[in-house]
Novice: 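Could you have a look at this structure, given as structure tokens, before my questions?
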Protein chains: 2
Amino acid sequence: MVVPRRTSRDIRSDSRLDVLHAVLSAGETTRNELAQFTGLSAATVVTVVGELLAEGIIEERKVTAGRIGRPTATLGMNKARGLVVGIDVAETYVRAVMFDAALNQILAVESARDEHVLDPDSVVEGIGRTLDRLLDEAGVSREAVLGVGVALPGLIQGPQGVSVVVPHWTWQTVELEHLRERLGLPLVIENPLKSIAIAELWLGRGRNCSSLATINLGTGVGAGIVLGGRILRGATNTAGEWGHTLLVLDGRRCRCGRNGCVEAYIGAPGIQQTLREIDPTHPLVDLDMQNDFIVALAAVADGDEPDEAVAETIARTAYYLGSALADLVAVVNPEVVTLTGWTTWALGEHLLPPTRRHLLEQSPGGSALGVELDVSTVLGNSVATGVATVVLERFLVDAGLLTSNIPVAL
Amino acid sequence: MVVPRRTSRDIRSDSRLDVLHAVLSAGETTRNELAQFTGLSAATVVTVVGELLAEGIIEERKVTAGRIGRPTATLGMNKARGLVVGIDVAETYVRAVMFDAALNQILAVESARDEHVLDPDSVVEGIGRTLDRLLDEAGVSREAVLGVGVALPGLIQGPQGVSVVVPHWTWQTVELEHLRERLGLPLVIENPLKSIAIAELWLGRGRNCSSLATINLGTGVGAGIVLGGRILRGATNTAGEWGHTLLVLDGRRCRCGRNGCVEAYIGAPGIQQTLREIDPTHPLVDLDMQNDFIVALAAVADGDEPDEAVAETIARTAYYLGSALADLVAVVNPEVVTLTGWTTWALGEHLLPPTRRHLLEQSPGGSALGVELDVSTVLGNSVATGVATVVLERFLVDAGLLTSNIPVAL
């Protein structure tokens, strides 16, 4: 049998993860509340809390003497345990974000990337320099950092090891070791779609549902999928590439090489293409930078002057998005769908109501009736947040507390 | 936390299921082989085998005295434990299949259904009469049958109970109890897509991979998905409705009400529509019965006379199928994809090579490179086989040996 066997060790690992999620979620809590929230027995909670205290992951804050019985201690994440860094390597930028061990954001720095420079050495150096700047600006030495997580597009695990595949990149494991050397810190690598799913699972809607899809809208689009409280990775770690499923067979050319992909319609360049098709002379059609275009589109939509071409662009984008989400709901049937990514931060409120309507109308057999569609509550760069969470997870795996699989830890 | 907690009871259940799968798979085996095949300890295998022997699910066949050590007993499924019946209720027929307790097919009978008669009473009576005929032809009384499973299209579980939703049907739980009364046997209800996945999991490729999608090609099309060795059900039991994902936005009208669904292109009527588009005067365009059309199409393709319209119809169908499978691989990324259903039995060998090529070309980042695409080895009606397997599973749940969730057991 190839199916990984679940053992009693995995059950203990699950209990620890549940307690940790609950502490993160509550901010400050007690052992009694943890037992109620997680459904674990009081005895298990006492054991698990003891283990997490011993590793310094959580801390006892204040002890209140009750009128009856023993005094009660409040528990919270131990922010001082160390720092973690998450780095989102996108097509047009590298963004490094520093968090404390309670996953509160401390500082973020961003470097622009030339999307035409794709050789591994330049990419490694770009990531390295962004990390150096982050540590420098924070006035922090490498010793204070527990580890760094890097989200790389198109991370694939196969029998020949790990490859990073984006349209023009193909890295092999060797280069990942170069990256480890350049960064000089314990390193985990994660796919950005898995990263956003991890962020949503730990810090967003994943706290109180068992299945969800979180949709990243930016240059590229994709889905992070959680089923049964776990990240869906797939056989080669490529699950969630919903951005490269068909919206229109033989439709618009997608940069992945396929025609008619969802991304070619609702990725930022796709949205600009929609405006171009509606009104080729519209001034926003000529904006060169994707992010500027999306921000300008939102500004026009928010403004007092009606702009029919912009309104129609948003309406069509919502139709494309709602139709493509109906496909995802048809196949995976999650409880919750959240939207994230920089297009969402700019356009989310405009897109949400019509997208909800299209999703509902197009999902088979009323299967979307119970689906909650919302903007993610994990604000900021959820790719960086997610991959920083993996750093914390890896720290707990190394301490023997968790059995989770982390795809690449160097 | 809404995530169902896995307990040590689930782990014991998993061990029993693994042993049972291994016995089914091997036909005849020994405790030593079972330990090797399942990866369970020898002690666990001895315990589990004892439990399955005590319930009469498996039997000891012959005992061979070895030259050294204790004699070895061979083990197999106990065919005489009782009969199980699986019933596939499709749009155009009701097919009831009788199996022994080792899931060997004994007898099948089929009744045509008028697809325009959709009131629940007629459907219940049609199922009842088909079961009566099966028992009658087999010369078997209800006492010899452990239970019956009925696969109903569009089974949805929601907070208001269970509904059976096909384009024009909406049943509530009440009518399912009528069905239970009419059949006069312990009854389980399953969705056909979940049924084909269960058949593939127990009797097909699921024996040696942990993730797969099995594709049903008939009047309707859909996918049964297995992840981590378990059926993907989704929040409302509708996961796998891949037949109602988009191939072409605003494309051909689908009978589900949406436009451009995969089913509208590769369901049997969709394939006939493709031929009609290529050559409206082709004699096969006028064939009235879907099954006759598919069989005739295969006969022409197999024949000596070249028929360009038929060849082009098959080529386009493979293009549609390969493209839609690439979408499924992009989102779910399974190890294995198998094809089943009556269109597959007729056309599978023609469709397979070009479909493989399209799947490979269109899957993002080479994610389909390792995917095996084949015709299912679960021959015959895998919907009926799958739902019969659920009957056996329910029997083991009732005996306290398994903790699996069966959606509807009356």
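A note on names: the letters A, B, ... follow the listed sequences, proteins ahead of strands, and every chain is numbered from 1. Only this structure's heavy atoms are used, side chains among them; waters, hydrogens and symmetry mates stay out.
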Novice: Among A:Thr29, A:Leu40, A:Val48, which residue meets the side chain to side chain contact (heavy atoms under 4.5 Å, CB included) test with A:Leu34?
Specialist: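 Answer to the side chain to side chain contact (heavy atoms under 4.5 Å, CB included) test with A:Leu34 among A:Thr29, A:Leu40, A:Val48: A:Thr29.
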
Novice: From A:Leu201 CG over to A:Ser210 OG, what is the distance, rounded to the nearest 0.5 angstrom?
Specialist: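 So the gap between those two atoms works out to 10.5 Å.
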
Novice: Between A:Asp250, A:Leu193, A:Val371, which shows the greatest number of heavy-atom pairs under 4.5 Å with chain B?
Specialist: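 Maximum pair count with chain B is reached by A:Asp250.
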
Novice: With a 4.5 Å cut-off on heavy-atom pairs, point out which of B:Ser323, B:Gly243, B:Gly251, B:Gly222 contacts chain A the most.
Specialist: B:Ser323

Novice: Side chain, backbone, both or neither: which part of A:Leu227 has an atom under 4.5 Å from a heavy atom of chain B?
Specialist: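 Side chain of A:Leu227 only, per the 4.5 Å heavy-atom cut-off to chain B.
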
Novice: Please classify the contact between B:Tyr265 and chain A as side chain, backbone, both or neither, with a heavy-atom cut-off of under 4.5 Å.
Specialist: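 Nothing of B:Tyr265, per the 4.5 Å heavy-atom cut-off to chain A.
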
Novice: Return the option, out of A:Leu232, A:Val336, A:Asn259, with the maximum number of heavy-atom pairs under 4.5 Å with chain B.
Specialist: A:Leu232

Novice: Top residue by heavy-atom pair count (under 4.5 Å) with chain B, among A:Val248, A:Val262, A:Leu328?
Specialist: A:Val248

Novice: Between A:Arg252 and A:Glu263, does any NZ, NE, NH1 or NH2 come within less than 4.0 Å of an OD or OE carboxylate oxygen?
Specialist: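 Looking at A:Glu263 and A:Arg252, the cut-off is not met.
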
Novice: Please classify the contact of B:Ile225 with chain A as side chain, backbone, both or neither, using a heavy-atom distance under 4.5 Å.
Specialist: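 Side chain of B:Ile225 only, per the 4.5 Å heavy-atom cut-off to chain A.
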
Novice: Would the distance check show the side chain of A:Thr47 and the main-chain N or O of A:Ala43 forming a donor-acceptor pair, the cut-off being under 3.5 Å?
Specialist: yes

Novice: For B:Arg205, does its backbone N or O pair with a side-chain atom of B:Glu200 as donor and acceptor, under 3.5 Å?
Specialist: yes

Novice: Contact part of B:Leu247 toward chain A, heavy-atom cut-off under 4.5 Å: side chain, backbone, both or neither?
Specialist: both

Novice: Examine whether an atom of A:Leu246 lies under 4.5 Å from a heavy atom of chain B, and if so say whether it belongs to the side chain, the backbone or both; otherwise answer neither.
Specialist: both

Novice: With A:Trp202, which residues qualify under ring-ring contact (aromatic ring centres under 6.0 Å, His included), at least two apart?
Specialist: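 So A:Trp202 forms a ring-ring contact (aromatic ring centres under 6.0 Å, His included) with A:His21.
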
Novice: Of A:Val331, A:Asn216, A:Val332, A:Leu325, which meets side chain to side chain contact (heavy atoms under 4.5 Å, CB included) against A:Trp242?
Specialist: A:Leu325

